[in-house]
Amino acid sequence: MSNTTPATDIFAAFRSHLEAEQELREEIRVVVRELEQTAREIQTELQAVHQQNGIKNISVLCEKSYSMFDVVREQLTKLSQKIPLNQYYRFHDHWRFVIQRLSFLAAFLKFLQSEQLISREDTANLLGVKVDKNDGFQLDLEDYLMGLLTLSNELARLAVNSVTAGDCFLPVKIAKFVGELDSGFRLLNLKNDSLRKRFDGLKYDLKKVEEIVYDLTIRGLKPKDGATGDIN
Amino acid sequence: MSNTTPATDIFAAFRSHLEAEQELREEIRVVVRELEQTAREIQTELQAVHQQNGIKNISVLCEKSYSMFDVVREQLTKLSQKIPLNQYYRFHDHWRFVIQRLSFLAAFLKFLQSEQLISREDTANLLGVKVDKNDGFQLDLEDYLMGLLTLSNELARLAVNSVTAGDCFLPVKIAKFVGELDSGFRLLNLKNDSLRKRFDGLKYDLKKVEEIVYDLTIRGLKPKDGATGDIN
Amino acid sequence: MSNTTPATDIFAAFRSHLEAEQELREEIRVVVRELEQTAREIQTELQAVHQQNGIKNISVLCEKSYSMFDVVREQLTKLSQKIPLNQYYRFHDHWRFVIQRLSFLAAFLKFLQSEQLISREDTANLLGVKVDKNDGFQLDLEDYLMGLLTLSNELARLAVNSVTAGDCFLPVKIAKFVGELDSGFRLLNLKNDSLRKRFDGLKYDLKKVEEIVYDLTIRGLKPKDGATGDIN
Amino acid sequence: MSNTTPATDIFAAFRSHLEAEQELREEIRVVVRELEQTAREIQTELQAVHQQNGIKNISVLCEKSYSMFDVVREQLTKLSQKIPLNQYYRFHDHWRFVIQRLSFLAAFLKFLQSEQLISREDTANLLGVKVDKNDGFQLDLEDYLMGLLTLSNELARLAVNSVTAGDCFLPVKIAKFVGELDSGFRLLNLKNDSLRKRFDGLKYDLKKVEEIVYDLTIRGLKPKDGATGDIN
Amino acid sequence: MSNTTPATDIFAAFRSHLEAEQELREEIRVVVRELEQTAREIQTELQAVHQQNGIKNISVLCEKSYSMFDVVREQLTKLSQKIPLNQYYRFHDHWRFVIQRLSFLAAFLKFLQSEQLISREDTANLLGVKVDKNDGFQLDLEDYLMGLLTLSNELARLAVNSVTAGDCFLPVKIAKFVGELDSGFRLLNLKNDSLRKRFDGLKYDLKKVEEIVYDLTIRGLKPKDGATGDIN
Amino acid sequence: MSNTTPATDIFAAFRSHLEAEQELREEIRVVVRELEQTAREIQTELQAVHQQNGIKNISVLCEKSYSMFDVVREQLTKLSQKIPLNQYYRFHDHWRFVIQRLSFLAAFLKFLQSEQLISREDTANLLGVKVDKNDGFQLDLEDYLMGLLTLSNELARLAVNSVTAGDCFLPVKIAKFVGELDSGFRLLNLKNDSLRKRFDGLKYDLKKVEEIVYDLTIRGLKPKDGATGDIN
Amino acid sequence: RKRNNDRPVDTSSPVIQAFQLFQDELDLKHNKHERLVKMSRDITIESKRIIFLLHRIVGAEDPASILDQALEKLKIVQQTKFHPVAMELQNEDPYQFIRAYTAGVQEYIEALSFYYYLKEKRLITLEEVQRDLFFNGPLVEQDDCKQMKSDTAEVKGDNSMSILITPVDFMLGLADLTGELMRLSINSAGAGDLDVPFSVCDFLKTIQTGFMTFGNLCKEVSKKMYTLKQSLQKVETACYTLQIRGSEVPKHMLADILSTATMS
Amino acid sequence: RKRNNDRPVDTSSPVIQAFQLFQDELDLKHNKHERLVKMSRDITIESKRIIFLLHRIVGAEDPASILDQALEKLKIVQQTKFHPVAMELQNEDPYQFIRAYTAGVQEYIEALSFYYYLKEKRLITLEEVQRDLFFNGPLVEQDDCKQMKSDTAEVKGDNSMSILITPVDFMLGLADLTGELMRLSINSAGAGDLDVPFSVCDFLKTIQTGFMTFGNLCKEVSKKMYTLKQSLQKVETACYTLQIRGSEVPKHMLADILSTATMS
Ligand SMILES: [Mn+2]
Ligand SMILES: [Mn+2]
C-alpha cells in the first residue's frame with residue numbers, strides 16, 4: 001500500500017487544520033476565564049454600593065471600577081486578536097456570557113456616575129471592542145441589551161438598600177430610569193427567546209421600584225425639589 | 001409620559017436593527033431553497049449513471065451536470081452577497097446542509113470524469129465560493145469532508161450497478177479510490193461528531209467494494225491490464 | 001346572541017362544541033378500528049406470497065384479497081357518511097394511517113397481478129373513495145404516495161424470498177419497478193416530512209434489489225430474454 | 001420539642017406504614033437480584049450455542065440449562081410468598097423484567113430441544129408460577145409474549161452463527177419458526193405499547209433470516225430434503 | 001390462507017384474552033372520565049372561596065360541595081365493581097390521579113368547615129372506598145398524602161386571597177395549619193419519589209404563608225386575640 | 001499471576017471486586033440512613049425557632065440540639081471506621097448530602113447561640129470528624145460551604161418569622177450576617193457546580209432580608225442602638 | 001418556473017408521467033401552504049404590535065385615542081391580511097391548511113379580545129370575531145397580490161368569502177389573552193392604579209373557572225392551563241400587595257397622594 | 001497571581017479572613033484539577049493516535065514494525081504524560097481527582113490492550129497495566145513542568161509514585177477495546193483476511209460472556225453492553241459473509257486467488 005498518494009497529502013493538511021482549531025478553542029477558553037475573573041472583581045467592587053456607607057462613597061467606587069476596565073480592554077484585545085475577523089460568530093458562544101456581564105457592569109457604572117443610560121457605543125468603547133461588525137471584534141446588540149436587563153434588576157435592589165441607608169433621592173431617580181428602560185424595550189418586537197424572558201422580569205423590577213416610591217410618597221418622604229430625602 | 005427620551009431613540013434604532021436581521025434570515029431561506037432545487041436537479045442527472053445504459057454515457061452525463069453548476073455559482077454568489085463577510089458563521093446552519101450536498105455532487109462529477117479525488121480548491125471553484133475564509137464566502141473544511149463521505153457511499157452503490165451493467169473495470173477503480181479515501185480519513189483525529197459517525201460508515205463502503213472485487217477475482221472476471229472486463 | 005353574552009355562556013357553548021366533537025371522534029375511531037382489522041386480514045392473506053409455495057399461487061391469493069376489498073369499500077362508505085363536507089382534513093389524522101396501509105395493499109395487489117404501478121384513480125376505486133376532493137371523501141395524494149413507499153419496502157423483501165423460492169425473474173422485474181418509483185419520487189419536491197423520511201427508505205430498498213440483481217448477474221443467473229431463471 | 005398536635009399523631013402512624021412498605025420492597029429487591037443472577041447464569045450457559053462448536057453440543061447445553069431452572073423455581077416460590085395475593089401488580093415492576101428474561105430463556109431452551117414454540121403453561125411450569133391470576137403468583141401474558149419477541153431476536157443471531165459454524169439446516173428451520181411467530185403476532189391487536197414496538201423488531205428479525213436463507217439459496221447451499229447442509 | 005400451525009392456535013387464544021383486557025380498560029376509562037367530571041364540578045364550586053365575597057359564604061359553599069360527594073361515592077362504587085380484588089394495582093394508574101384530586105377536595109372541604117386535618121378514614125368514607133386493602137377497593141395511603149400536599153398549595157393561595165378580601169384571621173389559621181402539616185410530613189421518611197418532590201413544594205407554601213403573616217404583622221394588621229381582623 | 005492469565009480469571013477477579021464493593025456500599029448506606037434520621041431529628045428540634053414562642057426559647061432549643069450531636073459523633077465515627085485510608089472520595093457521594101445538612105445544622109446552632117459564623121474547625125469538632133484529610137475522615141471544604149449556603153436560606157425565613165414574633169433586632173443582625181456571607185462567597189472562584197447554583201440562591205436570600213430591613217426602616221421600626229425593636 | 005425540461009428521465013414512462021402530475025399538485029399545495037404561512041406570520045407580527053400599543057394605555061393621558069389607533073390597525077389587518085387569506089381558502093377545505101395560519105389567527109384573537117376587554121370590560125364572543133372576517137369580492141388590485149393571483153386557482157365568480165375561526169382557535173386566543181391581562185394588571189399596579197388589577201383579577205378568575213369545566217376535552221387548551229394559573233397567581237399577588245399597602249393610609253388620603261404621585 | 005490586594009472588602013472581618021483561606025484552598029484544588037484534566041486530554045489524544053497507528057497493521061507489509069512503533073509511543077506516554085500525573089497525585093486521595101483523569105486512563109488502557117491483543121492475541125491483565133505506571137523520583141526538569149511544580153505542594157522526599165488504575169477503569173477500557181476490535185475485524189474482512197475476523201469473533205464472545213456475569217453490579221459497564229453487543233453482531237455478520245463467500249470456491253484455490261488479489 002503506497003502511502004504517498006495525493007489523497008494522503010491532502011488529508012495531512014486537513015489534519016493540521018483541524019488540530020489548529022481545537023487549539024484555538026483552548027486558547028479562547030483560557031482568555032475567557034481571565035475575563036470572567038476581572039468581571040467578578042469589578043462586580044465585587046461595585047457591590048459595595050449596596051452597603052450602608054456605600055452610597056455615600058459612590059464616586060470613589062466608580063473611579064476605582066472605571067480604572068479596572070483597563071484590564072478588560074487589554075484582555076478583550078488579546079481575545080479579539082485571536083479571532084479572525086470573519087469568525088466572530090463561529091466562537092461567539094464562548095464569550096457571549098462574559099460580555100453580557102461586562103455590558104451590565106459598564107451600564108451600572110454609567111448609571112452610578114450620571115444616572116443615564118449608557119449607549120451601545122460607550123459600552124463598546126469602555127470594553128475596548130467595536131460597535132460595527134465590519135470594524136472588528138464587536139459588541140453584539142443582543143448582548144448589550146441583555147446587560148441592560150440585568151441592570152434593571154440590580155437597580156431595584158439598590159432602590160431598597162438606598163432607602164435603608166437613608167437616601168430617598170436615589171429610588172426616585174431609579175424609578176424614572178427603569179420606567180424609561182421599560183418603555184424602550186416595549187418598542188422592540190422580541191421573539192420568544194432569552195431576551196424576551198428576561199424582559200418579563202423587568203416588569204417586576206419596575207413594580208418594585210414604583211412601590212418604593214409609593215411607600216416614600218404616602219409617608220411624605222418623597223423628596224420635593226431641593227429636599228434632602230434623609231429618613232434617618 | 002414623555003415619549004422622546006434619549007432611551008426611546010436608542011431603542012427605536014435597535015428595533016429596526018432586529019427587524020432587519022429577521023428579514024435577512026428570510027431572504028437567506030429563499031435562496032437556500034433555490035439552491036436545494038438546483039442540487040436536486042444535478043443529482044437526478046447524475047443518478048442516471050446507475051442505470052443499465054448510464055455507465056456507457058458517462059461523458060454526456062458529466063458534461064450536462066457540469067454545465068448545471070453555472071446555476072449553482074450564480075445562486076451561491078447571490079447568497080454570498082447577502083452575507084457580510086464576518087457573519088458567515090452566524091448563519092452557517094442555514095446553508096450547511098446544501099453546501100455539503102453540492103460538495104458531494106462536485107466530487108462525484110470529478111470522479112466520474114477522471115477517477116480522481118477533487119481538491120477542496122477545485123470544489124470551491126466549481127461552486128463559486130472561496131477556500132480561504134479571509135477571501136469571502138467560503139467552503140468550510142468540514143462541509144467539504146462531509147461531501148467526500150457521501151461520495152464513498154454513492155460509489156459503493158455504483159460498483160454494484162456497474163457489474164450488473166457489465167462493467168468490471170469500474171469496481172476495481174472504485175475500490176482503489178475508496179481505499180485511499182479511507183487511508184486519508186484515518187489520518188484525521190476526528191472528534192465524536194457527525195463527521196466521525198459518517199466516517200464509520202465509510203468502512204462498510206470499503207468492505208462492500210472489496211467484496212465486489214473479491215467476487216470478480218474468484219470468478220476470474222477481474223480485468224488484467226488491457227482486458228475489457230465485460231461479463232455479459 | 002346579544003352582544004353582551006356573559007362569559008359563562010361563551011364557555012358553555014364551547015364545552016358543548018367539544019363534547020359533540022368528542023362523540024363524533026369516538027364514532028370515527030370505532031369505524032377506523034374495523035377498517036384496520038380488515039386491512040390486517042388482507043395483509044395476512046398477501047403475506048403468504050413470501051412463503052416457499054406462495055409465489056406459485058399468486059393468482060389465487062390475489063383473487064381472494066381482491067374480493068376482500070368489498071368490505072373495505074363498505075366500511076369506508078360508512079366512514080365517509082359521518083364526515084361533514086369540507087371537514088375531511090379536520091379528522092384526517094384518524095384514518096390517515098389505515099388509508100395509507102390500504103393504498104399499499106391495493107398497490108401490492110396490482111403489482112402481483114400485473115407488475116404495474118397502480119394509478120391513483122384505480123386505488124381510489126378499489127377503496128371506494130373519490131380522487132377529487134370536490135367529489136367527496138377522497139384519497140389524499142400524500143397517502144397514496146405513502147402507500148407506494150411501503151410497497152417498495154415489501155417488494156425488496158419479496159425479491160429476497162422469490163430467489164429463495166427459485167424465481168430469478170421476479171427480482172429483475174422488481175428492480176426495474178423500484179428503480180422507476182425512485183425516479184418518480186425524485187421528481188417531487190418533498191418537504192421535511194414523513195414522506196421525505198420514508199423516501200430515504202426507498203433508497204435502501206433500491207440498493208437492496210440492485211444487490212440482488214448483482215448477485216444473480218455475477219453468478220450468471222440473471223435471466224436473459226426468454227430464460228427461465230430457475231436456480232433450483 | 002414534642003407538641004403532640006393531632007396532625008403529628010396521625011403522621012406517626014403513617015410513618016410505620018411507609019417504613020414497612022419500604023422494607024418489603026427492599027426484600028423483594030434482594031430476591032429479584034438473586035433471580036437475575038440465576039437468569040444470567042442460564043443465559044451464559046445457553047450463549048455457548050453461538051460458538052463455533054456450540055451447535056454440535058446442543059443437547060448437553062440444554063440438559064444443563066434445564067436443571068438450572070430448579071433454582072429459578074425455588075427463588076420464584078420464595079418471592080411469591082412475600083407478595084400478598086392482591087398486590088401482585090403493585091410490585092410487578094420489580095420482577096417484570098427478570099420474568100420476561102426467564103420466559104425468553106425457557107422458550108429458547110424449548111426451541112433448541114425441539115424446534116417448537118413453548119406454550120404459556122409450559123413456561124409457567126418451568127418457572128414454577130401459575131398461569132391463572134386467581135391461583136396465585138402468575139406469569140403475566142404480556143411478559144410471556146415479550147419473552148417470545150426476545151427469542152426471535154436471539155434466533156436471528158443464531159441463524160447467522162450457525163451458518164458460520166457450517167450448519168445450513170438450522171437457518172432454514174429458524175426462518176420457518178420466526179415466520180410462524182410473525183403470523184401469530186399479526187393476529188394480535190397490539191396497542192401502541194412496548195409489545196408493539198418489540199413486534200416491529202420481529203419483522204426485522206424475520207427479514208434478516210429470510211436474507212440468510214436467500215444467501216444460502218443463491219450459492220446452492222440451501223439443504224434439499226435429506227441433505228446434510230454442511231458447507232465446510 | 002389458514003395454515004393452522006400450532007402457533008396460530010395458541011395466538012388465537014391470546015387474542016381474545018388481550019381484547020377482553022382492552023375492553024375492561026376502556027370501561028374503566030369511561031367511569032374515570034365521569035369521576036373527573038364530578039371532581040371538576042366540586043372543585044369549581046369550591047373555587048368560589050377565592051373570590052372577593054366567597055369567604056363570607058363558606059358554609060353555603062361547603063354544604064353544597066358536601067352533597068356532591070354523593071355522586072362520587074356512586075361512581076367509585078361502580079368503578080370498584082369492575083375491578084377484581086387482586087388487580088387493583090394493575091389498573092391503579094387509571095384512577096390514581098382522580099382519587100388524589102378527590103382526596104384533596106375532601107381535605108379542602110374539611111378545612112373550610114372546621115380548620116382541621118381530615119383523617120384517612122374520613123376521606124375514605126366521604127369517597128365511599130375502603131381504607132384497608134383487604135376490604136376491597138381502597139384509598140391508597142400515598143394518594144391520600146398527595147391530596148394533603150395539594151391542599152397546602154391551595155391554602156397558600158387562599159391566604160393571599162383572603163387578605164385581599166379583607167380577612168386577616170384566615171391567613172393566621174392557615175399558617176398554623178400548614179406549619180403542622182409540615183411537621184407531620186417531616187416525620188415521614190420519604191423516598192425520592194413524587195411525594196418527596198411535592199413535599200418540597202409544601203416548604204414553599206409554608207414560607208409563603210409565613211410571609212403573609214409577616215406582612216400583616218409589620219402593618220399592625222395581625223389580629224390579636226378577640227380582634228376582628230378586618231382591614232377594610 | 002502468570003502473564004497468561006486466562007480471560008475468565010480476569011473477569012472473575014473483577015466480579016468479586018464488584019461484589020465486595022457492593023457489600024461495603026450497602027453497609028455505608030445503612031449507617032448513612034441512621035445519620036439522616038438523626039439529622040432530621042435535630043432539624044425538627046431547631047424548626048421550633050420559627051414558631052411564635054420559639055424565638056423566646058432559643059437557649060433551651062440550642063442546648064437540646066447541642067446534646068443531640070453526641071449521637072452524630074458516634075455515628076460518624078462508626079462510618080469513618082468502615083472507610084479505608086485514602087478512599088474517602090471513593091464513597092463521598094454516599095454521605096455528601098447528610099454531612100452538608102449536618103454542617104448546616106451546626107452553623108444554624110452556632111448562629112442562634114452567638115450570631116456568629118461557625119468556623120470549619122468547630123463544625124468538624126461538633127461532628128466528630130477531622131479538618132485535615134491527612135488526619136482521617138474529614139469535613140470536605142465544599143460540604144462545609146454548602147452548609148453555610150443552606151444557612152442563609154434558613155435565616156431569611158427566620159428574619160420573616162422573627163418580625164412576626166415581634167422581634168425587630170434579629171432581622172437586622174441576620175441582614176448583616178448574610179451580607180458578610182455574600183461578601184465572603186464572592187471571594188471564591190466557583191466553578192459551574194452545585195455550589196455556584198446555591199450561591200445564586202444566597203443572592204435571593206440577601207435581597208429578601210434587605211427588603212425586610214427596608215420595611216422596618218421605612219416604618220421607623222428599625223432599632224437604633226439600644227432600642228427594643230418590639231412592634232407588638 | 002419551468003424546471004422540468006431537459007430532464008434526464010424517461011418521459012415516455014407512464015410512471016414518470018404520473019409523477020409529473022403529482023409534482024404539480026404537490027407544488028400547488030405546498031406553495032399555497034407557504035403563502036399562508038407567510039401571511040400568518042405577518043398577521044402575528046401586526047397583532048403583537050397592536051397588543052404592545054394597547055399596553056401603552058397604562059398611565060396614558062388619552063386612553064381613548066390609543067383605543068382608536070388600535071381599532072384602526074385591527075381594521076387594516078382584517079382588510080389587508082385576512083382578506084388575502086380568505087381568497088386563498090376559497091373553495092378549499094379550510095382544515096387542510098389550518099395549521100399554516102392558526103398561529104396568526106390565535107394572535108389576532110388575542111389582540112382583538114384585548115381591545116374588547118379594554119374598551120368594554122367584557123369577553124368578546126366568537127360571533128363578534130367571525131363578523132369582521134366576511135369579505136365581499138376580490139381584493140382591490142395591489143402590487144403584492146398580483147403575483148399571488150397568477151398562480152392561485154382563478155378567482156371564482158362567487159363574491160363572498162370568509163375565514164373560518166374554529167372554537168378551539170378562539171379559546172386558545174383567549175388563553176393567551178390572560179397573559180396580556182396579567183401584564184396589564186402588573187403594569188397598572190406599578191403605576192398605582194387601584195382598580196384595574198382588581199377587575200382583571202375577577203375577570204381572570206371567571207376565565208379560569210370557564211376553562212376548568214373543559215377538563216381534558218381539549219388538549220391544546222389544557223396545555224395552557226398551567227400558564228393561566230401562574231398568571232392568575234401573579235395578579236392575585238399584585239392585588240394582595242395593593243390591598244396590604246392600602247391598609248397603611250386611609251382611603252381618602254390615598255387618592256390625593258396618588259394623584260400627585262402619578263403626576264410627577 | 002496576586003489578585004486579592006485592594007479588595008473593597010473589609011479585611012478585618014473574621015468572615016472575610018476565613019473565606020480568604022477557603023479561596024486559597026479551593027483554588028489550589030481547582031488548579032490541580034484543571035492541570036489533571038489537561039494532562040488527561042493529552043493522554044487521550046496520544047492514545048487515540050496509537051490506536052489509529054495500530055489499525056494500519058491491516059494489510060501492512062511489516063506488521064512487526066508497526067507494533068514496535070506503537071510500543072515506543074506507549075512508553076513515551078507513560079514517561080512524559082503519566083509521570084506528571086503521578087506527581088500531581090502524590091500524597092492525595094486519588095479518588096478525589098479521579099474524574100479529572102479517568103477519561104485519559106480509559107483511552108490509554110484501550111490503546112495498551114489493543115497493542116497486547118495484536119501482539120499476543122490475549123487479554124492484558126490489570127497487573128500488567130499497573131506495572132508500567134510505577135515511577136521512581138521526580139521528572140527530569142523540563143520546561144513545561146517547572147511552572148507546575150512551583151504551585152504544587154512541594155515534592156516530597158519519597159521517590160516512588162504510581163497511578164492507581166481502578167478495576168472499573170480497566171474494565172471500561174476493555175469495553176472500548178471491543179469497538180476497536182470490531183473495526184479491526186471489518187477492515188481485515190475488507191482486505192480479504194480469513195483468520196483475523198474469526199479469531200476476533202471468538203475473543204469478543206469471551207469478553208461479552210465475561211461482562212454478562214457482572215449483571216448490573218457496575219452501571220458504567222452495563223451502559224457499554226449495548227454497544228458491545230452491536231460490535232459483536234457486526235463481527236458475526238462479517239464472519240458469516242466470509243464463510244458464505246468462501247463456500248463458492250474450494251479452500252485451496254481461494255488462498256491462491258487472494259494472494260494475487262491483495263498484491264495488486
Ligand atoms: Mn401574548
Ligand atoms: Mn475507541
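In the text below, chain A, chain B and the rest are named by the order of the sequence lines, each starting its count at 1. Computation of the quantities below employed the complete heavy-atom set of this structure, encompassing side-chain atoms and omitting hydrogens, waters and symmetry-equivalent molecules.
Side-chain contact between Glu115(D) and Phe177(D) is absent, with no heavy atoms from C-beta onward closer than 4.5 Å. The shortest distance between side-chain heavy atoms of Ile98(H) and Pro94(H) does not fall below 4.5 Å.
Side-chain rings of Phe211(H) and Phe214(H) approach one another, their centers coming within less than 6.0 Å. A ring-centre distance under 6.0 Å is found for Phe22(H) and Phe19(H).
The contact between Glu236(H) and chain D is made by backbone and side chain atoms together, counting heavy-atom distances below 4.5 Å. Looking at Asn161(D), only its side chain comes within 4.5 Å of chain H, counting heavy atoms on both sides. Within the 4.5 angstrom heavy-atom criterion, no atom of Leu217(H) approaches chain D.
Under the 6.0 Å distance and 45° angle rule, Lys223(H) does not count as a cation-pi partner of Tyr226(H).
When the heavy atoms of residues 26-47 of chain D are compared with those of chain H, the residues falling under 4.5 Å are Gln37(D), Arg40(D), Gln43(D), Thr44(D), Gln47(D), listed by number.
Ion pair Lys224(H)/Asp176(H) flagged as a salt bridge, since at least one NZ, NE, NH1 or NH2 atom sits closer than 4.0 Å to an Asp/Glu carboxylate oxygen. Classification of Lys197(D) and Asp200(D) as a salt-bridged pair fails, no side-chain N sitting under 4.0 Å from a carboxylate O.
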